[in-house]
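Note that this is a predicted model, so its numbers are computed, not measured. Numbers for residues simply follow the sequence, beginning at 1.
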Amino acid sequence: MSSPWITGLRSVALEVPDLARAEAFYTQVWRLDVAARTPEALYLRGTGADHHLLALHRGGPSAGIRHVTLRARSAAALDQVAAATVRAGGRIESAIGALDEPGGGIALTLCDPDGRRLQVVHGDAHHADAHEAKDRPVRLAHVVLNSHEVASTQRFFEQALGFTLADRTRIMAFLNCAADHHSVALGDADNDALNHIAFLMPDLESVMRGGGRMRDAGHEIEWGPGRHGPGDNAFNYFIGPFGEVIEYTAEVEQIDDSHVAGGPDDWKWPPGRVDQWGISQPPSARLKQAQRQVFFIRPTDPGAP
């Protein structure tokens, strides 16, 4: 089921109103490390090899998403994605070229027909000390993007980036590009906001301890603990300091070409359940509101690169 062009999700770039507050939260509470910084941005890594998982840029009074960064299988794949993007109805915002930011590499930036900005990078820096550590994020597991027209957005990811449908529920399409069950998912919505960013923890124990640590810091668990159906991953959801929704997850299902995508009728819970275990309460009203308030920054918006 792997994409011929994309190996996975590398990072997400956000604009936030307060870089100092962002650094304090994401290093001291969420437990990332600073990989690099510039006067106007902060780059945060996990314990894995990816140069950074979050790029936080100084922005306006509310959070916004600049782009989602995917990693290409090869330099040639960038050319193939560029051509496929145009065929699929998207547009090239920045042609293939050297990336002038920490982590480097060569990159292509594209927009889908609804303005979601996706960066595809190859040859970026990796950390030589990659490892797993208890209670610390390793890498990004997936990003979920809302879509007012899921079928159209799914079609773009399939045609322009080579993703494949892994599972479809009543409210979400899960898209696969490599061994992880999904690296991108699309949520049925009346908006095109960022739904959430999921950080992979080394094990279930770390997901649970992370939940306790976040509560100690004043960030309640907004959904969880629980175990999803599609992806089979354990979860705890939180709202970050600027209204962004973030998730600790672990034990993501690994799939191959033998995987058969399920449909909405395959993913129904008994009344009163919202996950496999049946112990989680439904997502909080706060979480549902936060999942519809962080939008992609359009190229013409103030502060957009």
Q | Ile171 atom CD1, over 12 foreign heavy atoms within 6.0 Å | A | no
Q. Do Val294 and Phe242 come within less than 4.5 Å of each other through their side chains, counting heavy atoms only?
A. no
Q: Return yes if a side-chain donor-acceptor contact under 3.5 Å exists between Thr249 and Asn233, otherwise no.
A: yes
Q. Side chains of Trp267 and Asp167: donor-acceptor distance under 3.5 Å anywhere?
A. yes
(Q) Which residue is it: Leu145, Val144, Ile246, Val143? I am looking for the one with a side chain to side chain contact (heavy atoms under 4.5 Å, CB included) to His196. (A) Val144
**Q.** pair Glu253-His182: side-chain heavy atoms closer than 4.5 Å
**A.** no
Q. Got a salt bridge between Asp124 and Arg10, using NZ or NE/NH1/NH2 to carboxylate O under 4.0 Å?
A. yes
Q.
Just verifying a value: how many Å separate Ile221 CD1 and Gln281 CD, rounded to the nearest 0.5 Å?
A. 12.0 Å
**Q.** Residues that His148 engages under ring-ring contact (aromatic ring centres under 6.0 Å, His included), provided they are two or more places apart
**A.** none
Q) Do any N or O atoms from the side chain of His122 and from the backbone of Val120 form a donor-acceptor pair under 3.5 angstrom? A) no
(Q) Please check this pair: side chain of Tyr248 against backbone of Trp30, looking for a donor-acceptor N/O pair closer than 3.5 Å. (A) yes
Q.
A side-chain contact here means heavy atoms from C-beta on lying under 4.5 Å apart; do Leu165 and Phe174 qualify?
A. no
Q: Treating Ile, Leu, Val, Met, Phe, Trp and Tyr as nodes and any side-chain heavy-atom pair under 4.5 angstrom as an edge, say whether Phe295 and Val68 lie in one connected cluster.
A: no
(Q) Has Asn176 got a side-chain atom pairing as donor or acceptor with Ala166's backbone, closer than 3.5 angstrom? (A) no
**Q.** Pair Arg31-Asp135, side-chain contact (heavy atoms from CB on, under 4.5 Å): steps then yes or no
**A.** CA-CA 8 Å; Arg31 303 205 70 190; Asp135 196 18; 3.6 Å; yes
Q.
Determine whether a donor-acceptor pair (N or O, by modelled atom type, separation under 3.5 Å) exists between the side chain of Asp275 and the backbone of Arg227.
A. yes
Q.
With a 4.5 Å cut-off on side-chain heavy atoms, are Met208 and Pro225 touching?
A. yes
Q. What are the two closest non-hydrogen atoms of Ser183 and Phe163, and how far apart are they?
A. CB-CE2, 4.4 Å
Q.
Testing His126, Arg45, His127 one by one against His51 for a side chain to side chain contact (heavy atoms under 4.5 Å, CB included), which residue passes?
A. His127
**Q.** Among Thr47, Val138, Val207, the one residue meeting side chain to side chain contact (heavy atoms under 4.5 Å, CB included) with Pro202
**A.** Val138
Q: Establish whether Met214 and Phe199 are linked, either directly or via other cluster members, by ILVMFWY side-chain heavy-atom contacts under 4.5 Å.
A: yes
Q | Over all atoms of both residues, closest heavy-atom pair of Asn236 and Gly224 | A | OD1-C, 3.4 Å
Q: Verify the neighbour count for atom CG of Asp100: are there more than 12 heavy atoms of other residues, nucleotides or ligands below 6.0 Å?
A: no
Q. Are Tyr26 and Leu42 linked, directly or through other ILVMFWY residues, by side chains that come within less than 4.5 angstrom of each other?
A. yes
(Q) Please list all pairs meeting salt bridge (charged side-chain N to carboxylate O under 4.0 Å, His left out) that have one or both residues in residues 194-210, counting only residues at least two apart or in different chains. (A) Lys134-Asp203, Glu205-Arg209
Q.
Do Glu15 and His57 pair up side chain to side chain, a donor and an acceptor below 3.5 Å, judged on atom types alone?
A. no
Q) Do Val12 and Thr69 pass the side-chain contact (heavy atoms from CB on, under 4.5 Å) test, and can you show the C-alpha distance, the side-chain angles, and the key distance before you say yes or no? A) CA-CA 6 Å; Val12 175; Thr69 298; over 6 Å; no
Q) So do the side chains of Asp180 and Gln254 get within less than 4.5 Å of each other, counting heavy atoms only? A) yes
Q. Is it the case that Trp223 and Ser284 place a side-chain donor and acceptor less than 3.5 Å from each other?
A. no
Q. Are Tyr237 and Val29 co-members of a hydrophobic cluster defined by side-chain heavy atoms under 4.5 Å apart?
A. no
Q | Trace of the salt bridge (charged side-chain N to carboxylate O under 4.0 Å, His left out) decision for Arg170 with Asp188 | A | CA-CA 8 Å; Arg170 182 180 58 83; Asp188 280 297; over 6 Å; no
Q: Give, for atom CG of Leu161 and atom CG of Asp112, the distance between the pair rounded to the nearest 0.5 Å.
A: 9.5 Å
Q. Do Arg139 and Glu132 come within less than 4.5 Å of each other through their side chains, counting heavy atoms only?
A. no
Q) So how far is it from Leu14 CG to Ile65 CD1, rounded to the nearest 0.5 Å? A) 6.0 Å
**Q.** Step-by-step side-chain contact (heavy atoms from CB on, under 4.5 Å) determination, Phe235 to Glu247
**A.** CA-CA 7 Å; Phe235 64 84; Glu247 174 191 2; 3.2 Å; yes
Q | Nearest heavy atoms of Ala72 and Leu78, plus distance in Å | A | CB-CD2, 3.8 Å
Q: Supply the atom-to-atom distance Glu23 CD to Arg37 CZ, rounded to the nearest 0.5 angstrom.
A: 4.0 Å
Q) Shortest non-hydrogen contact from Pro113 to Gly89? A) CG-O, 3.5 Å
Q) In chain order, what residues pass the side-chain contact (heavy atoms from CB on, under 4.5 Å) check against Ile239, with sequence neighbours excluded? A) Glu222, Arg286, Leu287, Ala290
**Q.** His181/His259 aromatic ring centres below 6.0 Å
**A.** yes
Q: Mind checking the CG-CG spacing from Leu140 to Leu53? Nearest 0.5 Å is all I need.
A: 4.5 Å
Q.
Between Arg273 and Gln276 (side chain of the first, backbone of the second, donor and acceptor by atom type, cut-off under 3.5 Å), is there such a pair?
A. yes
Q. What heavy-atom pair brings Ala41 and Leu19 nearest, and what distance separates the two atoms?
A. N-CD1, 3.8 Å
Q) Do Ile92 and Leu70 belong to the same hydrophobic cluster, where Ile, Leu, Val, Met, Phe, Trp and Tyr are linked whenever their side-chain heavy atoms lie under 4.5 Å apart, directly or via other members? A) yes
Q: Identify the heavy atoms of Arg73 and Ala77 that sit nearest to each other, and give their distance.
A: N-CB, 4.2 Å
(Q) Run Leu54 and Tyr43 through side-chain contact (heavy atoms from CB on, under 4.5 Å) and show every step you take. (A) CA-CA 6 Å; Leu54 277 183; Tyr43 298 81; over 6 Å; no
Q | Separation between CZ of Phe296 and CG of Leu194, rounded to the nearest 0.5 Å | A | 7.0 Å
Q.
For Ser147, run the side chain to side chain contact (heavy atoms under 4.5 Å, CB included) check against Asn191, Asp190, Asn195, Thr153 and tell me which one passes.
A. Thr153
**Q.** Minimum side-chain heavy-atom gap Leu44-Val34 below 4.5 Å
**A.** yes
Q. Under a 4.5 Å cut-off applied to non-hydrogen side-chain atoms, are Phe156 and Arg116 in contact?
A. no
